[in-house]
Amino acid sequence: MPRLHAEPDRTTWVPVTDSLGFRGRRARKTAIAMLLSQLKGPGAAPSKPGGGVSAWAMSQAVPFLMRKAAGRVLAWVWKAEPDLLVVLAQVQAATPEMRIARASMPIEYDDTEEFRGTYLGVGEKLVMPLPPGGRPPFATYTWVLGTHLVSVTAVCSDRERFGTVIADVDELARGIRVIDDLTVGESEPVLRIDPA
């Protein structure tokens with residue numbers, strides 16, 4: 001299974017994926033709390049005192065789960081305000097079920113534009129600054145690479161500030177690359193061509 005790799009600007013992004021123990025725990029906890037609150041939706045009741053315990057517990061487990069994913073999932077938070085912006089990148093096998101699910105998405109998800117990654121070539125970008133149902137604004141970047149699908153999703157907690165951070169998300173998404181494990185003496189020759 002291929003793995004993802006990226007080297008984003010550390011002055012802008014805090015990695016969640018490789019932050020174990022105390023290192024990065026505040027960013028992990030904030031990112032998870034933000035995502036959990038956004039999943040509840042705008043009509044949900046406010047969190048009770050002590051509700052941060054679930055975010056804390058998840059923040060301790062997430063790095064181990066991501067490490068178990070062996071590079072198939074990467075995550076970052078906005079360094080200046082971790083509760084403002086979370087970005088998640090993942091690579092998945094492009095199964096028939098996944099292709100059907102992508103083809104069956106609502107019509108508002110068809111409004112994509114071409115997006116060129118530095119290493120992945122031409123993909124699609126979908127920006128939803130005002131999604132229906134009061135959900136938070138988000139942007140998704142997708143590349144179909146034959147047998148695999150690479151996606152980058154950015155979720156912002158503030159609709160008014162979404163437009164001010166999307167350029168930095170673009171830059172992060174452009175830097176995503178796929179790393180394949182090749183064994184010595186493979187029977188089939190491998191030809192690698194730079195997508196640019």
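Counting from 1, the numbers follow the sequence of the chain as shown. Any value given below was found using the heavy atoms of this structure, including those in side chains, with hydrogens, waters and symmetry copies removed.
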Open item on the list: On a heavy-atom basis, which atom in Ala173 and which in Trp143 lie closest, and how many Å separate them?
Closed with: O-CH2, 3.6 Å

Task: With Ala154 via side chain to side chain contact (heavy atoms under 4.5 Å, CB included) - residues at least two apart - done: Leu85, Val87, Val169

Task: Contact list for residues 164-176, test salt bridge (charged side-chain N to carboxylate O under 4.0 Å, His left out), sequence neighbours left out - done: Lys125-Asp170

Task: Residues in side chain to side chain contact (heavy atoms under 4.5 Å, CB included) contact with Thr112, at least two apart in sequence or another chain - done: Glu124, Leu126

- [ ] With sequence neighbours left out, write down each residue that passes side chain to side chain donor-acceptor pair (under 3.5 Å) with Thr11, or none if nothing qualifies.
- [x] Asp9

Open item on the list: A side-chain contact here means heavy atoms from C-beta on lying under 4.5 Å apart; do Trp78 and Thr12 qualify?
Closed with: yes

Task: Shortest non-hydrogen separation from Pro131 to Pro136 and the atoms involved - done: CG-O, 3.1 Å

Open item on the list: Among residues at least two apart in sequence or on other chains, which ones pass side chain to side chain contact (heavy atoms under 4.5 Å, CB included) with Arg177?
Closed with: His5, Tyr119

Task: Separation of Tyr141 OH from Glu113 CD (nearest 0.5 Å) - done: 8.5 Å

Open item on the list: Do Phe115 and Ile166 land in one hydrophobic cluster if side-chain heavy atoms of ILVMFWY residues count as linked below 4.5 Å?
Closed with: yes

Open item on the list: Distance check, rounded to the nearest 0.5 Å: Leu74 atom CG versus Arg72 atom CZ?
Closed with: 11.5 Å

TODO: Would you name the heavy atoms of Ala89 and Trp76 that are closest together and state the gap between them?
DONE: CB-CZ3, 4.0 Å

Open item on the list: Test of understanding: with ring-ring contact (aromatic ring centres under 6.0 Å, His included), list the residues that count as partners of Phe162, not counting sequence neighbours.
Closed with: none

- [ ] Tell me, please, which residues at least two apart from Pro132 pass side chain to side chain contact (heavy atoms under 4.5 Å, CB included).
- [x] Glu108, Met128, Arg135

Task: Test salt bridge (charged side-chain N to carboxylate O under 4.0 Å, His left out) applied to Arg161 - qualifying residues, sequence neighbours left out - done: Glu81

Open item on the list: Would you compute the distance between atom OG of Ser151 and atom CE of Met98 and round it to the nearest 0.5 angstrom?
Closed with: 7.5 Å

Task: Heavy-atom closest contact (Val91 atom, Pro2 atom, distance) - done: CG1-O, 3.5 Å

Open item on the list: Within the structure provided, determine whether His148 and Val178 are in side-chain contact (heavy-atom separation under 4.5 Å).
Closed with: no

Task: side chain to side chain donor-acceptor pair (under 3.5 Å) partners of Arg99, counting only residues at least two apart - done: none

TODO: Check whether Leu149 and Val73 end up in the same hydrophobic cluster, where Ile, Leu, Val, Met, Phe, Trp and Tyr are linked by side-chain heavy atoms less than 4.5 Å apart.
DONE: no

Task: Other ILVMFWY residues reachable from Ile100 by side-chain steps of under 4.5 Å - done: none

Task: Residues that, via side-chain heavy atoms closer than 4.5 angstrom, fall in one hydrophobic cluster with Leu130 - done: none

